[in-house]
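See structure below.
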2 protein chains.
Amino acid sequence: MKLSANEEYGMRCLVRIAYNAQGLTIPEMSQAEGVSPAYAAKILRVLRKGGFVKAARGKEGGYTLARPAENIVIGEVMDALGGKLFESDFCDSHSGQHAICTRSVDCSVRSLWRAVQVSVDQVLSKTTLRDLMQNEEEMNSFVRMIPGPNGLRVM
Amino acid sequence: MKLSANEEYGMRCLVRIAYNAQGLTIPEMSQAEGVSPAYAAKILRVLRKGGFVKAARGKEGGYTLARPAENIVIGEVMDALGGKLFESDFCDSHSGQHAICTRSVDCSVRSLWRAVQVSVDQVLSKTTLRDLMQNEEEMNSFVRMIPGPNGLRVM
DNA sequence: AGCAATCTTGACTAAAAAGTACGGATTAGC
DNA sequence: GCTAATCCGTACTTTTTAGTCAAGATTGCT
Ligand code: FES
Ligand code: FES
């Protein structure tokens with residue numbers, strides 16, 4: 001259960017763009033993130049296809065947010081970058097004689113995966129790009145208020 | 001953010017062993033899970049090295065739990081099978097000029113990853129192998145009581 | 001129009017993860 | 001002590017993911 005390279009770089013690129021209203025070019029992003037221009041381009045492509053950033057070509061071109069940061073939900077970004085942990089068709093694929101995964105209709109392991117997915121979504125669906133445009137301490141306070149009165153004890 | 005093959009098969013193998021107090025052999029596991037014996041062996045090795053199961057060699061051999069199911073915390077099993085999503089040294093490795101990931105001491109993205117990790121741990125650290133030895137409905141009820149009064153709305 | 005800065009795309013290569021193969025070691029039963 | 005059933009470890013192959021390359025297309029400037 002790892003963050004993929006796409007997810008890791010993608011999120012950072014998106015935050016950088018959010019901070020640069022005038023636009024960021026591939027060479028600039030490459031420099032900032034310390035990856036090759038070609039790789040930066042590949043990552044930005046995913047973000048563009050996901051509809052989170054838009055690109056302007058030609059001189060004076062570059063990437064900007066496709067919509068205001070507060071309308072960009074991190075859960076959707078993460079889906080575009082790396083997909084869900086557990087999708088409803090997850091259990092359709094595994095073979096073997098299902099004695100625990102009984103006939104795919106009664107399986108406690110599936111229930112566990114679903115619970116983990118829900119738990120992750122609780123954080124990601126409530127966080128927008130705007131929330132990430134603040135310092136770490138502020139972000140920690142924000143996150144402590146998820147999901148309910150109890151919140152997450154992050155620190 | 002995907003479950004690795006190790007995590008997926010590893011958890012299922014462990015549950016199967018939990019259900020078979022008399023022990024399960026590699027060929028049996030292979031059959032049950034529909035994977036090659038060699039692959040079943042590889043997965044079981046990880047579980048053994050993690051200290052969750054023990055193996056008996058020779059005729060009449062096979063795998064059994066190393067300790068009672070209620071003492072096996074799923075969070076620890078998942079760590080052994082696939083590692084943490086976010087470890088404290090995660091941010092030491094990424095290069096580039098840190099203007100958002102400012103000098104690695106102030107980064108809202110890191111805070112997000114940490115929050116996701118905490119959220120996952122809230123589920124996994126409270127679940128034991130014993131909890132998985134019940135049907136899906138019972139497991140759902142159990143999981144609804146995590147982490148606090150609010151619980152997870154799984155269904 | 002011509003040029004330079006920029007994004008776009010698909011194909012390629014490298015690295016990591018998933019899955020296989022095989023020779024070796026241990027144990028129970030005879 | 002022999003044999004069959006079992007686990008053990010390493011090295012190999014395949015598949016997936018990560019990362020690179022090169023040729024093309026768009027735009028602003030002069
Ligand atoms: S049915 Fe998918 S893990 Fe059991
Ligand atoms: S310091 Fe690691 S994501 Fe920012």
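A, B, ... follow the sequence lines: proteins, then strands. Residue 1 opens every chain.
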Could you state the atom-to-atom distance from [atom1] of [X] to [atom2] of [N] in whole Å?
X     : N      : atom1 : atom2 : answer
A/I43 : C/dT8  : CD1   : C1'   : 16 Å
B/Q31 : D/dA5  : CD    : P     : 16 Å
B/L47 : D/dC7  : CG    : P     : 13 Å
B/I26 : C/dG24 : CD1   : C1'   : 14 Å
A/K54 : C/dT6  : NZ    : C1'   : 17 Å
A/L24 : C/dA5  : CG    : P     : 18 Å

Exercise for review: Let me have a per-nucleotide readout for nucleotides 9-22 of chain C, 5' to 3', with B, S or -, counting only protein heavy atoms under 4.0 Å.
Suggested key: S--------SBBB-
Check your understanding: Quick one: do B/V77 and A/L112 end up in the same hydrophobic cluster if we chain Ile, Leu, Val, Met, Phe, Trp and Tyr together by side-chain heavy atoms under 4.5 Å apart?
Key -> yes
**Study point:** A/M139/A/V143 under side chain to side chain contact (heavy atoms under 4.5 Å, CB included): CA gap, chis, key distance, verdict
**Key:** CA-CA 6 Å; A/M139 180 65 192; A/V143 122; 3.9 Å; yes
Review point. Under the criterion side-chain contact (heavy atoms from CB on, under 4.5 Å), which of B/Q117, B/E7, B/K2, B/M1 is the partner of A/M1?
Key: B/E7
Check your understanding: Which heavy atom of A/P37 sits nearest a heavy atom of A/I26, and at what distance?
Key ->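 Heavy atoms only, the tightest pair is O-CG2, 3.4 Å.
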Exercise for review: Among C/dA28, C/dA25, C/dC7, find the nucleotide with the atom closest to the side chain of B/R57.
Suggested key: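 Among the listed nucleotides, the one closest to the side chain of B/R57 is C/dA25.
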**Study point:** Options D/dT27, D/dC7, C/dT6, nucleotide nearest the side-chain atoms of A/K59
**Key:** D/dT27
**Study point:** A/Q134, CD atom: more than 12 neighbouring heavy atoms under 6.0 Å
**Key:**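 Yes, CD of A/Q134 has more than 12 neighbouring heavy atoms, counting only those of other groups under 6.0 Å.
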Check your understanding: Going through the checks in order, is the side chain to side chain contact (heavy atoms under 4.5 Å, CB included) test met by A/M78 and A/L3?
Key -> CA-CA 10 Å; A/M78 290 294 282; A/L3 289 171; 4.0 Å; yes
Check your understanding: Checking all strands, does B/L44 fall into the base, sugar-phosphate, or nothing category for heavy-atom contacts under 4.0 angstrom?
Key -> nothing
